[in-house]
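Structure first, then comments.
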Amino acid sequence: RSGEMAKLTQLIDNEVFRAYATYATIVLLKMMLMSLITAYFRITRKAFANAEDTASFGKGENAKKYLRTDPDVERVRRGHLNDLENIVPFLGIGLLYALSGPELYTALLHFRIFVGARIAHTFAYLIPLPQPGRGLSWAVGYAVTISMAYKVLKTALYL
């Protein structure tokens, strides 16, 4: 059946794809939560990046003092940026991996470890926990993505 596109119903019936969709959704929601946490820290620390965001705190020179960086806001932003750098590759590689026909158990192991590592990384960043906690959680998630990429390349080697 070479050359035929998979039907959407075939994907929905595929347990590995459903597992991928579940864990991709969890990690995307976690990443979206980082936007809300950033907003919370900006408001509570009164540290804004744009002049229009300071309008509710005053006008003119009075509002300018809220155009500043704050270490807590920047820490959350760095955590969010790290999510973008790691979750986006997981989404693409994880999808290809899910479509490459792995065993459900192995796929679940990859997806669960990745999501757990990203959640641990977020806590390590926000609390903050001492190193090597954050570094190890990052490395575990990164290794999972590399493992899935290796499986994809091994399965469909068109290099």
Side-chain angles (χ1 to χ4, degrees), residues 1-44 47-50 53 69-159:
R1 305 187 85 174
S2 178
E4 282 189 33
M5 294 288 292
K7 292 180 176 62
L8 186 57
T9 55
Q10 290 173 314
L11 288 179
I12 299 301
D13 291 338
N14 182 313
E15 288 182 309
V16 173
F17 180 78
R18 286 198 327 261
Y20 165 77
T22 299
Y23 289 97
T25 300
I26 291 168
V27 80
L28 283 169
L29 286 171
K30 188 219 81 60
M31 189 168 66
M32 290 171 63
L33 180 61
M34 293 300 286
S35 295
L36 296 176
I37 294 170
T38 302
Y40 169 80
F41 274 83
R42 281 200 180 284
I43 292 166
T44 59
F48 301 97
N50 303 302
D53 299 336
T69 59
D70 177 87
D72 294 331
V73 173
E74 293 307 307
R75 184 168 194 85
V76 176
R77 289 183 68 236
R78 286 190 305 272
H80 193 187
L81 180 60
N82 193 276
D83 273 351
L84 290 167
E85 293 168 352
N86 290 274
I87 291 172
V88 172
F90 166 81
L91 294 174
I93 291 170
L95 176 61
L96 295 173
Y97 173 75
L99 298 175
S100 73
E103 293 292 324
L104 177 61
Y105 173 81
T106 307
L108 283 169
L109 193 62
H110 278 89
F111 301 153
R112 288 172 177 165
I113 290 172
F114 180 84
V115 171
R118 291 313 305 169
I119 290 169
H121 184 270
T122 297
F123 280 114
Y125 229 123
L126 295 180
I127 290 176
L129 296 177
Q131 284 288 25
R134 190 178 80 239
L136 285 174
S137 60
W138 170 84
V140 167
Y142 198 83
V144 167
T145 304
I146 294 296
S147 173
M148 291 187 302
Y150 173 77
K151 169 70 163 91
V152 170
L153 290 173
K154 185 178 165 199
T155 301
L157 198 59
Y158 285 107
L159 298 177

How far apart are the closest heavy atoms of [X] and [Y], and which atoms are they?
X      : Y      : answer
Phe114 : Asn86  : CZ-O, 3.6 Å
Leu104 : Val16  : CA-CG2, 3.8 Å
Leu95  : Tyr20  : N-CE1, 3.4 Å
His110 : Val144 : O-CG1, 3.2 Å
Arg75  : Tyr125 : NE-O, 2.7 Å
Ile93  : Ala149 : CG2-N, 3.5 Å

Between atom [atom1] of [X] and atom [atom2] of [Y], what is the distance when rounded to the nearest 0.5 Å?
X     : Y      : atom1 : atom2 : result
Ile43 : Phe48  : CD1   : CZ    : 6.0 Å
His80 : Leu126 : NE2   : CG    : 11.5 Å
Leu91 : Thr25  : CG    : OG1   : 9.0 Å
Tyr97 : Leu153 : OH    : CG    : 13.5 Å
Asp72 : Tyr40  : CG    : OH    : 10.0 Å
Asp83 : Met32  : CG    : CE    : 12.5 Å

### Message
Within a 6.0 Å radius of atom CD on Gln131, are there more than 12 heavy atoms belonging to other residues, nucleotides or ligands?
### Response
yes
### Message
Tell me if the CZ atom of Arg77 is crowded by more than 12 foreign heavy atoms within 6.0 Å.
### Response
no
### Task
Please step through side-chain contact (heavy atoms from CB on, under 4.5 Å) for the pair Arg118 and Asn82, ending with a clear verdict.
CA-CA 9 Å; Arg118 291 313 305 169; Asn82 193 276; 2.8 Å; yes
### Query
Do the side chains of Ile146 and Tyr142 get nearer than 4.5 Å, heavy atoms only?
yes
### Query
Quick one: does Ile119's side chain get under 4.5 Å of Val27's, heavy atoms only?
no
### Task
Might you work through the side-chain contact (heavy atoms from CB on, under 4.5 Å) test for Phe90 and Met148, ending with a clear yes or no?
CA-CA 9 Å; Phe90 166 81; Met148 291 187 302; 3.5 Å; yes
### Message
For a side-chain hydrogen bond (donor to acceptor under 3.5 Å, both in side chains) check, start with the C-alpha distance between Ser147 and Lys151, then their side-chain angles and the critical distance, and finish with the verdict.
### Response
CA-CA 6 Å; Ser147 173; Lys151 169 70 163 91; over 6 Å; no
### Audit row: Asp53, Asn50, side-chain contact (heavy atoms from CB on, under 4.5 Å) steps and yes/no
CA-CA 5 Å; Asp53 299 336; Asn50 303 302; 3.2 Å; yes
### Task
Please test Leu108 against Tyr23 for side-chain contact (heavy atoms from CB on, under 4.5 Å), starting from the C-alpha separation and ending with a verdict.
CA-CA 9 Å; Leu108 283 169; Tyr23 289 97; 3.9 Å; yes
### Task
Please answer whether the main-chain N or O of Met34 pairs with a side-chain N or O of Thr38 as donor and acceptor at a distance below 3.5 Å.
yes
